[in-house]
A.B. asks: 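After the structure tokens below, expect a handful of questions from me.
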Amino acid sequence: MNLITKFHKAIIEIGIPVLEHPIFYHAPIGIRFEIGGEEDVYIKRGIMRKLQPNPVYVSKAVDRALTIFNALPKKDLILRIDVYDKKEITKVLKTLQLKTPHETVINKYVEDVEEMIHYELYWSLDDINWSEETLIHEIILADIGGLNSLASSVYLLHPNEKILYHLYDDRGLDVVAKDYEKLFSLYETFNDWILDYDRESINKIFKSKQKSFEHNNLFSFLNKLEEHNIYYQLNKIRSEAIMVEIVVPGQRWEVEFLGDGTIDVEKFISDKAYYDESEFDVLFKEFTD
């Protein structure tokens with residue numbers, strides 16, 4: 001399968017039939033991060049006191065975007081860059097220190113009776129030498145004094161993991177995926193960096209998915225108990241947990257599924273120790289009817 005087909009197949013599975021900006025608002029599951037910090041975007045430099053990008057602001061924005069990128073899988077990456085002027089292609093390649101694209105799509109369309117051309121450039125990043133820091137640094141600069149054609153036009157896709165990383169400029173980053181589980185660690189680890197404007201909607205996505213995941217874990221466990229003819233009953237001792245009480249020869253187990261997704265297992269036997277969900281294997285192996 002070629003890169004173009006892989007790319008489009010993956011974004012359709014993610015839930016984006018067509019790439020439209022902002023990516024976050026067109027994907028069912030995603031996170032929008034704030035990348036620019038509190039520092040001034042520009043500072044005055046030189047005798048003429050001209051405004052130039054503040055290196056402190058740029059450095060912190062690059063660090064934040066790079067940290068999130070490095071938390072994602074690194075293999076099987078596809079890079080796509082959209083360019084709307086053929087002359088810009090040479091500038092893009094030189095600025096990002098990239099070789100000729102592995103694949104290119106040329107789209108022709110009419111806008112206000114004028115014929116336009118849109119180029120889609122694709123690379124398999126496993127097959128070339130490239131620098132993620134250079135790429136991210138140049139996207140950060142794109143809208144504040146760098147190569148403007150890189151603003152909102154660069155996409156990094158994991159076609160197997162179904163994750164799309166879209167740093168649109170120095171202000172923000174959208175990371176979207178097919179599966180909630182692929183992004184949950186980003187949601188937890190970099191929660192302070194989530195854009196406040198969209199925080200409420202992002203929290204709803206991940207908290208509702210987390211509850212669904214927890215409930216599925218509980219239902220799966222109960223189904224497995226029934227399949228093995230192990231007696232149980234449900235109880236509720238703590239407000240934030242559902243307890244499964246299990247009776248087997250010589251033992252009584254209390255398994256609590258907590259609201260934060262953790263599971264506590266207490267076995268009432270001679271040692272009176274606490275265990276975790278790894279003890280489930282012992283339960284089903286030793287006490288199946």
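These numbers were taken from a predicted model, which means no experiment stands behind them.
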A.B. asks: After noting the C-alpha distance and the side-chain angles of Asp264 and Val255, does the key distance pass the side chain to side chain contact (heavy atoms under 4.5 Å, CB included) rule?
C.D. replies: CA-CA 6 Å; Asp264 286 345; Val255 180; over 6 Å; no
A.B. asks: Locate the shortest heavy-atom distance separating Ala241 from Glu256; write the atom from each residue and the value.
C.D. replies: CB-OE2, 3.9 Å
A.B. asks: So, Phe257 versus Phe221, ring centres under 6.0 angstrom or not?
C.D. replies: yes
A.B. asks: What is the distance from atom CD1 of Ile35 to atom CG of Leu173, rounded to the nearest 0.5 Å?
C.D. replies: 4.5 Å
A.B. asks: Do Val154 and Tyr168 have side chains that approach each other closer than 4.5 Å (heavy atoms only, starting at C-beta)?
C.D. replies: no
A.B. asks: Is it the case that atom OH in Tyr197 sees more than 12 heavy atoms from other parts of the structure closer than 6.0 Å?
C.D. replies: no
A.B. asks: Going by atom type alone, with no hydrogens or angles, which donor-acceptor pairs under 3.5 Å involve a side-chain atom of residues 245-254 and a protein atom two or more places apart or on another chain?
C.D. replies:
residue : atom : partner : partner atom : Å
Glu245  : OE1  : Gln233  : NE2          : 2.8
Glu245  : OE2  : Asn235  : ND2          : 3.3
Gln251  : OE1  : Trp253  : NE1          : 2.8
Arg252  : NH1  : Glu254  : OE2          : 2.7

A.B. asks: With a sphere of 6.0 Å drawn around CG of Asn70, does it hold more than 12 non-hydrogen atoms of other residues, nucleotides or ligands?
C.D. replies: yes
A.B. asks: Is there a path of hydrophobic side-chain contacts, each under 4.5 Å between heavy atoms of I/L/V/M/F/W/Y residues, joining Tyr180 to Ile202?
C.D. replies: yes
A.B. asks: I want to know whether Tyr84 and Tyr119 have ring centres closer than 6.0 Å.
C.D. replies: no
A.B. asks: When you compare the side chain of Ser153 with that of Val83, does any pair of heavy atoms fall below 4.5 Å?
C.D. replies: no
A.B. asks: If you look at every heavy atom in Ile43 and Pro53, which pair is closest and at what distance?
C.D. replies: CG1-O, 4.5 Å
A.B. asks: About how many Å separate CD1 of Ile140 and CG of Leu66, when rounded to the nearest 0.5 Å?
C.D. replies: 10.0 Å
A.B. asks: Would Leu186 and Asn191 count as a side chain to side chain contact (heavy atoms under 4.5 Å, CB included) here? Give the steps.
C.D. replies: CA-CA 7 Å; Leu186 295 186; Asn191 198 278; over 6 Å; no
A.B. asks: Roughly how far, to the nearest 0.5 Å, is the CZ atom of Phe7 from the CG atom of Leu79?
C.D. replies: 9.0 Å
A.B. asks: Can you tell me if Glu103 uses its side chain to pair, donor with acceptor, with the backbone of Leu3 under 3.5 Å?
C.D. replies: yes
A.B. asks: Between Asp76 and Pro159, which heavy-atom pair has the shortest distance, and what is it?
C.D. replies: O-CD, 2.9 Å
A.B. asks: With a cut-off of 6.0 Å (strictly less than), are more than 12 heavy atoms of other residues, nucleotides or ligands near NZ of Lys74?
C.D. replies: yes
A.B. asks: Would a 4.5 Å heavy-atom cut-off, applied to side chains only, mark Leu135 and Leu156 as touching?
C.D. replies: yes
A.B. asks: For residues 89-97, which side-chain donor-acceptor pairs fall under 3.5 Å, sequence neighbours excluded?
C.D. replies:
residue : atom : partner : partner atom : Å
Lys91   : NZ   : Glu88   : OE2          : 3.3
Thr95   : OG1  : Lys91   : O            : 2.8

A.B. asks: With the side chain counted from C-beta on, respond yes when Ile11 and Val176 share a heavy-atom pair under 4.5 Å apart, and no when they do not.
C.D. replies: no
A.B. asks: With sequence neighbours excluded, tell me which residues meet side-chain contact (heavy atoms from CB on, under 4.5 Å) with Asp179.
C.D. replies: Glu181, Lys182
A.B. asks: Write out all pairs satisfying ring pair (Phe, Tyr, Trp, His ring centres under 6.0 Å) with one or both partners inside residues 126-161, taking only residues at least two apart or from two chains.
C.D. replies: Tyr155-His166
A.B. asks: Quiz question: by atom type and distance under 3.5 Å, do the side chains of Glu226 and Tyr232 form a donor-acceptor pair?
C.D. replies: yes
A.B. asks: State which residues pass ring-ring contact (aromatic ring centres under 6.0 Å, His included) with Tyr187; sequence neighbours excluded, sorted by chain then number.
C.D. replies: Phe184, Phe206
A.B. asks: Using the rule that Ile, Leu, Val, Met, Phe, Trp and Tyr join whenever any side-chain heavy atoms are under 4.5 Å apart, tell me whether Ile136 and Val56 fall into a single cluster.
C.D. replies: no
A.B. asks: I'd like to know if Asp169 and Arg171 make a salt bridge, using a cut-off of under 4.0 Å between side-chain N and carboxylate O.
C.D. replies: yes
A.B. asks: Just to verify, what does Ser131 make a side-chain contact (heavy atoms from CB on, under 4.5 Å) with, not counting sequence neighbours?
C.D. replies: Glu133, Thr134
A.B. asks: Determine whether a donor-acceptor pair (N or O, by modelled atom type, separation under 3.5 Å) exists between the side chain of Lys9 and the backbone of Lys6.
C.D. replies: no
A.B. asks: Please walk me through it: do Val41 and Asn54 pass side chain to side chain contact (heavy atoms under 4.5 Å, CB included)?
C.D. replies: CA-CA 5 Å; Val41 179; Asn54 181 353; over 6 Å; no
A.B. asks: Answer yes or no: is there a side-chain heavy-atom contact under 4.5 Å between Glu13 and His8?
C.D. replies: no
A.B. asks: Who else is in Val110's hydrophobic cluster (ILVMFWY, side-chain heavy atoms under 4.5 Å, direct or via others)?
C.D. replies: none
A.B. asks: Going through the checks in order, is the salt bridge (charged side-chain N to carboxylate O under 4.0 Å, His left out) test met by Lys108 and Glu115?
C.D. replies: CA-CA 7 Å; Lys108 294 183 179 181; Glu115 187 176 88; 5.0 Å; no
A.B. asks: Which residue pairs pass the salt bridge (Lys or Arg N to Asp or Glu O under 4.0 Å) test when at least one of the two sits in residues 191-203, sequence neighbours left out?
C.D. replies: Asp196-Arg199, Glu200-Lys204
A.B. asks: If you link ILVMFWY side chains whenever their heavy atoms are less than 4.5 Å apart, which other residues fall into the same cluster as Met243? By chain and number, please.
C.D. replies: Ile237
A.B. asks: Is any side-chain heavy atom of Asn107 less than 4.5 Å from a side-chain heavy atom of Ile117?
C.D. replies: no
A.B. asks: Spell out, yes or no, whether Ile12 and Tyr122 are grouped together once hydrophobic residues are joined by side-chain heavy atoms under 4.5 Å, including indirect joins.
C.D. replies: no
A.B. asks: How close do Pro28 and Ile205 get, counting heavy atoms only, and between which atoms?
C.D. replies: O-CD1, 3.9 Å
A.B. asks: Give a yes or no on whether Tyr231 and Leu222 share a hydrophobic cluster (residues Ile, Leu, Val, Met, Phe, Trp, Tyr; joining criterion: side-chain heavy atoms under 4.5 Å apart).
C.D. replies: no
A.B. asks: Step by step, work out the side chain to side chain donor-acceptor pair (under 3.5 Å) result for Tyr57 and Asp170.
C.D. replies: CA-CA 9 Å; Tyr57 172 85; Asp170 61 291; 2.5 Å; yes
A.B. asks: With rounding to the nearest 0.5 Å, note down the distance linking CD in Glu138 to CG in Leu147.
C.D. replies: 7.5 Å
A.B. asks: What heavy-atom pair brings Ile16 and His26 nearest, and what distance separates the two atoms?
C.D. replies: CG1-O, 3.8 Å
A.B. asks: Any side chain to side chain donor-acceptor pair (under 3.5 Å) pairs touching residues 29-40, not counting sequence neighbours?
C.D. replies: Arg32-Asp174, Glu39-Lys60
A.B. asks: What heavy-atom pair brings Trp123 and Lys99 nearest, and what distance separates the two atoms?
C.D. replies: NE1-O, 2.8 Å
A.B. asks: Compare all side-chain heavy atoms of Ile128 with those of His102 and state whether any distance is below 4.5 angstrom.
C.D. replies: yes
A.B. asks: Could I get the full list of side-chain contact (heavy atoms from CB on, under 4.5 Å) partners for Thr67, not counting sequence neighbours?
C.D. replies: Phe190, Trp193
A.B. asks: For Ser124, what residues pass the side chain to side chain donor-acceptor pair (under 3.5 Å) criterion, not counting sequence neighbours?
C.D. replies: Asp127
A.B. asks: Please test Phe33 against Ile194 for side chain to side chain contact (heavy atoms under 4.5 Å, CB included), starting from the C-alpha separation and ending with a verdict.
C.D. replies: CA-CA 4 Å; Phe33 292 104; Ile194 290 175; 4.1 Å; yes
A.B. asks: Report yes if some heavy atom in the side chain of Leu183 is under 4.5 Å from a heavy atom in the side chain of Val175; otherwise report no.
C.D. replies: yes
A.B. asks: Report whether Ile81 and Ile106 are members of the same hydrophobic cluster (ILVMFWY, side-chain heavy atoms less than 4.5 Å apart, transitive linking).
C.D. replies: yes
A.B. asks: Roughly how far, to the nearest 0.5 Å, is the CG atom of Asp143 from the OG atom of Ser152?
C.D. replies: 7.5 Å
